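One structure is given here, and the rest of the page talks about it.
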Amino acid sequence: MKFKTLLLLFLFSAVVFSQKKATKKIVSPKEKFVSELMAKMTLDEKIGQLNLPGSDDFVTGQAKNSNIAQKIREGKVGGLFNIKSLQKIKDVQKIAVENSRLKIPLIFGMDVIHGYETTFPIPLGLSCTWDMKLIERSAQIAAKEASADGINWTFSPMVDICRDARWGRIAEGSGEDPYLGSMIAKAMVQGYQGNDLSKNNTILSCVKHFALYGAPEAGRDYNTVDMSKIRMYNDYFPPYKAAVDAGTASVMASFNEIDGIPATANKWLMTDVLRKQWGFKGFVVTDYTGINEMIDHGMGDLQQVSSLALKAGIDMDMVGEGFLTTLKKSLSEGKISIKDIDDSVRLILNAKYDLGLFTDPYRYLDEQRPSKDIFTKENRNEARQMASQSLVLLKNNDKTLPLKKAGVIAVVGPLGNNSMNMTGTWSVASVHEKSVSLLSGIKNAVGNNATVLYAKGSNLDYDATFENNATMFSKSLDRDERNPEVIRAEAIAIAKQADVIIAALGESAELSGECSSRTNLAIPQAQKDLLNELLKLGKPVVLTLFTGRPLVLIDEDKNVPAILNVWFAGSEAGDAIADVLFGDVNPSGKLTTTFPRSVGQVPIYYAQKNTGRPIANNEGKFEKFRSNYIDERNEPLYPFGYGLSYTTFTYGKVLLSSNTITSKAKLKASVDVTNNGNYDGKEIVQLYIRDLVGSVTRPVKELKGFQKIDLKKGETKTVVFEIGIDELKFYNSDLKFVAEAGKFEVFIGTNSTTQNKAEFNLVTE
Ligand code: BGC
């Protein structure tokens with residue numbers, strides 16, 4: 001009896017306490033506003049907010065008369081994307097806020113991937129600056145330009161780790177490394193979003209493609225992904241998590257499956273990992289028709305896959321209108337609940353609120369801004385500096401570079417005089433013809449001090465169909481239909497008159513990017529043949545290599561004296577490349593992706609495991625019953641972190657402040673770096689760690705720190721890194737993030753092959 005009374009008393013006070021707590025809960029103005037708005041919404045209007053239709057049908061026509069306009073009036077559209085025109089966006093926003101019942105403004109998205117009209121290097125190139133300030137600044141400028149044109153949501157950053165150069169979208173990410181990738185993800189989110197989303201020059205970011213999109217089997221786009229959880233957590237998840245930690249407002253689901261369930265319907269991924277483990281508070285959008293594609297994945301009909309997606313944690317349906325056309329039915333059949341719908345509606349309205357659209361739906365539609373903020377001289381100047389720092393000098397024998405601004409210079413190759421291909425893939429807002437071609441950049445640099453000759457020398461390749469597939473979206477290379485011999489002979493004739501030959505070869509802009517997977521990673525044959533003929537002239541040849549991915553450059557590395565990897569450096573490409581070619585800027589870019597010796601080595605990356613049978617020699621000798629190839633060496637042609645300068649840097653020994661580290665006591669690792677060449681320069685000093693013994697196998701090296709320093713010629717600087725327990729943590733087989741006691745090696749050097757190292761112990765209490 002006594003016990004019962006006590007229990008009742010306890011229960012009673014618990015209820016009172018929890019009610020008190022509930023009444024005490026502070027409702028923010030946003031919550032209040034959104035709740036009140038949702039209370040007025042019909043079911044159709046709610047589902048409408050989850051709909052992100054394609055905007056193609058009024059790109060050329062009158063927005064007001066389109067089918068989409070009708071849907072907007074009916075409250076069946078939450079946002080639109082990839083519309084470039086302030087006026088068009090204004091027209092459409094007007095329909096939403098003047099002609100729809102609840103006057104809910106739309107959000108306007110776009111693939112602002114590496115700049116808006118001022119275009120920066122493709123992300124893979126930009127990552128080679130290893131410069132977080134520059135990268136953040138690029139996103140900030142992109143946000144300023146895009147928002148000046150009515151855009152308030154970008155589908156960026158793309159942070160998919162990729163270790164397979166066959167995959168064309170490697171161009172859109174930051175390479176192979178989770179540590180560097182995470183820092184870049186954070187910098188990009190901060191750049192786009194700033195610290196106040198309601199400012200009219202900041203925009204929502206959308207980290208993509210969640211998750212593992214960069215690891216399709218055989219490098220074929222949209223293909224199956226099959227990966228262990230331990231690899232997901234240690235190697236592929238970190239950049240997405242970093243973007244979430246940095247406060248990204250939205251996340252885009254990837255096309256691929258994970259553990260047999262497409263990401264778009266993967267509840268473990270979208271709810272357990274993203275929301276429960278990482279605490280994501282924003283909204284999730286599908287990729288383009290991601291829901292509908294699950295019919296082909298074999299997950300059911302449109303109604304089935306739409307409800308699977310909603311229940312998994314998807315909030316917005318891009319293009320496919322599965323939500324719009326089936327959710328009502330699924331609700332009436334009890335397949336989904338009204339809470340499932342409400343939760344998503346709330347997140348989308350929250351984002352609109354954060355953007356300040358409910359206060360002023362025309363906040364991003366100031367007609368004075370485009371001419372003031374877009375493609376300005378200042379923005380282009382900054383883009384040029386970023387571009388010059390993204391270039392990677394792969395080879396420079398006999399000091400071929402830098403070139404003199406004198407004599408006769410021959411520019412040869414299909415990429416030599418072409419503005420349309422300078423910005424590279426995913427440059428939706430760029431005005432390609434305004435980009436600076438290599439030829440223009442060189443002419444601008446030399447002025448009247450040198451004679452510059454040009455000939456195309458070859459098409460992208462002999463095969464016209466291949467060229468056609470690789471030059472889409474108006475990025476033509478102006479195919480020359482004449483006999484290849486004739487085209488080549490023309491180039492050889494001008495090259496004969498020159499003191500130096502600049503060969504502008506490689507990939508076209510759309511030979512990488514979405515659905516541009518390749519099985520052959522060589523420079524196309526027509527261009528290789530041209531290069532061989534040029535080399536026969538016995539003159540200095542500089543290969544300016546245009547590419548969106550690591551290429552196999554065995555022949556070029558053997559035969560060409562100088563190779564400058566220029567990626568697709570953006571709207572200012574030509575000027576930036578000339579800055580480096582003539583030594584006005586000393587190259588400092590370092591690779592963020594491994595360049596293989598042959599396609600057969602792919603996937604290849606520096607942070608590999610040792611295996612139980614590592615090879616003992618590094619002379620490329622085959623060892624039977626060890627982990628190697630009969631017909632190829634193990635190591636790549638150019639490793640992660642590699643890149644030359646016009647000067648040379650030497651490294652002193654790695655010194656440690658202590659030989660032990662504990663959960664509280666960090667240690668300092670330092671090294672002296674000296675510039676002992678003839679030019680001032682920048683060096684990216686890299687720190688790698690190896691965990692020598694673990695409860696699970698650990699990589700032979702992992703990047704855990706870097707510093708980009710300026711060194712005058714003759715100067716020495718001591719570079720100091722702090723290492724704490726966090727740098728030693730990894731996900732173990734229970735997927736717990738832990739550091740395990742034991743021995744570690746720390747390496748500091750100029751690229752990932754450095755053997756300059758010291759050893760310390762982690763002591764756990
Ligand atoms: C791509 C996304 C992009 C979307 C919208 C898709 O094809 O995979 O990266 O954001 O289209 O344009």
Side-chain angles (χ1 to χ4, degrees), residues 51-57 59 68 77-84 89 106-116 122-124 139 142 146 151-162 167-174 185 188-189 192 203-216 219-223 225 239-240 243 248-258 262-264 282-294 296-297 309 314-322 423-430 472-473 509-510 512-517 548:
N51 187 30
L52 180 70
S55 28
D56 293 358
D57 59 338
V59 168
I68 286 185
V77 177
L80 291 167
F81 69 101
N82 286 355
I83 306 174
K84 191 189 175 197
I89 292 181
L106 304 170
I107 44 172
F108 292 92
M110 187 185 264
D111 288 283
V112 182
I113 307 295
H114 49 114
Y116 190 70
I122 53 167
L124 187 59
I151 301 298
N152 43 38
W153 180 28
T154 177
F155 301 141
S156 169
M158 190 282 213
V159 304
D160 303 318
I161 294 292
C162 180
W167 192 53
R169 300 196 81 170
I170 193 172
E172 285 175 61
S174 298
M188 296 289 287
V189 171
Y192 289 130
I203 60 180
L204 307 175
S205 81
C206 182
V207 66
K208 69 187 188 185
H209 306 82
F210 191 57
L212 322 179
Y213 182 41
R220 179 156 53 80
D221 209 359
Y222 319 125
N223 201 9
V225 172
Y240 308 111
T248 185
S250 63
V251 169
M252 186 185 291
S254 57
F255 288 125
N256 53 282
E257 66 175 67
I258 291 167
T264 312
F283 69 98
V284 182
V285 63
T286 68
D287 202 346
Y288 206 102
T289 60
I291 290 180
N292 317 59
E293 290 172 24
M294 290 198 285
D296 283 323
H297 274 286
I314 298 289
D315 304 302
M316 199 174 218
D317 173 6
M318 188 193 286
V319 176
E321 304 210 331
T423 54
T425 189
W426 278 116
S427 40
V428 176
S430 313
M472 293 184 165
F473 312 125
E510 292 299 327
S512 60
E514 187 167 349
C515 197
S516 289
S517 297

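None of these values were measured; they are calculated from a predicted model. Indexing begins at 1, ligand by ligand and atom by atom, following the structure's order.
Backbone and side-chain nitrogen or oxygen atoms of Tyr213 are examined, and none is located within less than 3.5 angstrom of a nitrogen or oxygen of ligand 1. Residue Glu172 places no N or O, backbone or side chain, under 3.5 Å from any N or O of ligand 1. Polar contact check, Glu514 against ligand 1: a nitrogen or oxygen pair lies under 3.5 Å apart.
Listed here is the closest heavy atom pair of Gly79 and Pro53: O-CD, 3.3 Å. Considering every non-hydrogen atom in both Glu172 and Glu514, the closest pair reads OE2-N, 4.0 Å.
Set against the non-hydrogen atoms of His209, the atoms of ligand 1 under 4.0 Å away are 2 (C), 8 (O), 9 (O). Listed by number with element, the atoms of ligand 1 under 4.0 Å from a non-hydrogen atom of Phe81 are 5 (C), 12 (O). With ligand atoms numbered from 1 in the order given, ligand 1 contributes 2 (C), 3 (C), 9 (O), 10 (O) to contacts under 4.0 Å with heavy atoms of Lys208. Every atom of ligand 1 is numbered from 1 in the order shown, and the set under 4.0 Å from a heavy atom of Asn82 is 12 (O).
The nearest heavy-atom contact from the protein to atom 3 (C) of ligand 1 is Asp111 OD1, 3.2 Å. Nearest to atom 6 (C) of ligand 1 among the protein's heavy atoms is Asp287 OD1, 2.9 Å.
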Does the pair Thr425 and Ser516 meet the rule for a side-chain contact (heavy atoms from CB on, under 4.5 Å), with working shown?
CA-CA 10 Å; Thr425 189; Ser516 289; over 6 Å; no
Starting from the C-alpha separation in whole Å, work towards a yes-or-no answer on side chain to side chain donor-acceptor pair (under 3.5 Å) for Asp160 and Tyr240.
CA-CA 8 Å; Asp160 303 318; Tyr240 308 111; 2.6 Å; yes
Intermediate values then yes/no, side-chain contact (heavy atoms from CB on, under 4.5 Å), Arg169 and His209
CA-CA 11 Å; Arg169 300 196 81 170; His209 306 82; 3.6 Å; yes
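The six-membered or imidazole ring of Trp153 lies near that of Phe283, with a centre-to-centre distance under 6.0 Å. In this structure, Phe155 has its ring center closer than 6.0 angstrom to the ring center of Phe81.
The proximity of Met158 to ligand 1, defined as any non-hydrogen pair under 4.0 Å, does not occur for either the backbone or the side chain. Looking at Arg169 against ligand 1, only its side chain comes within 4.0 Å, counting heavy atoms.
Checked by atom type, the side-chain pair Asp221/Tyr213 shows a donor-acceptor distance below 3.5 Å.
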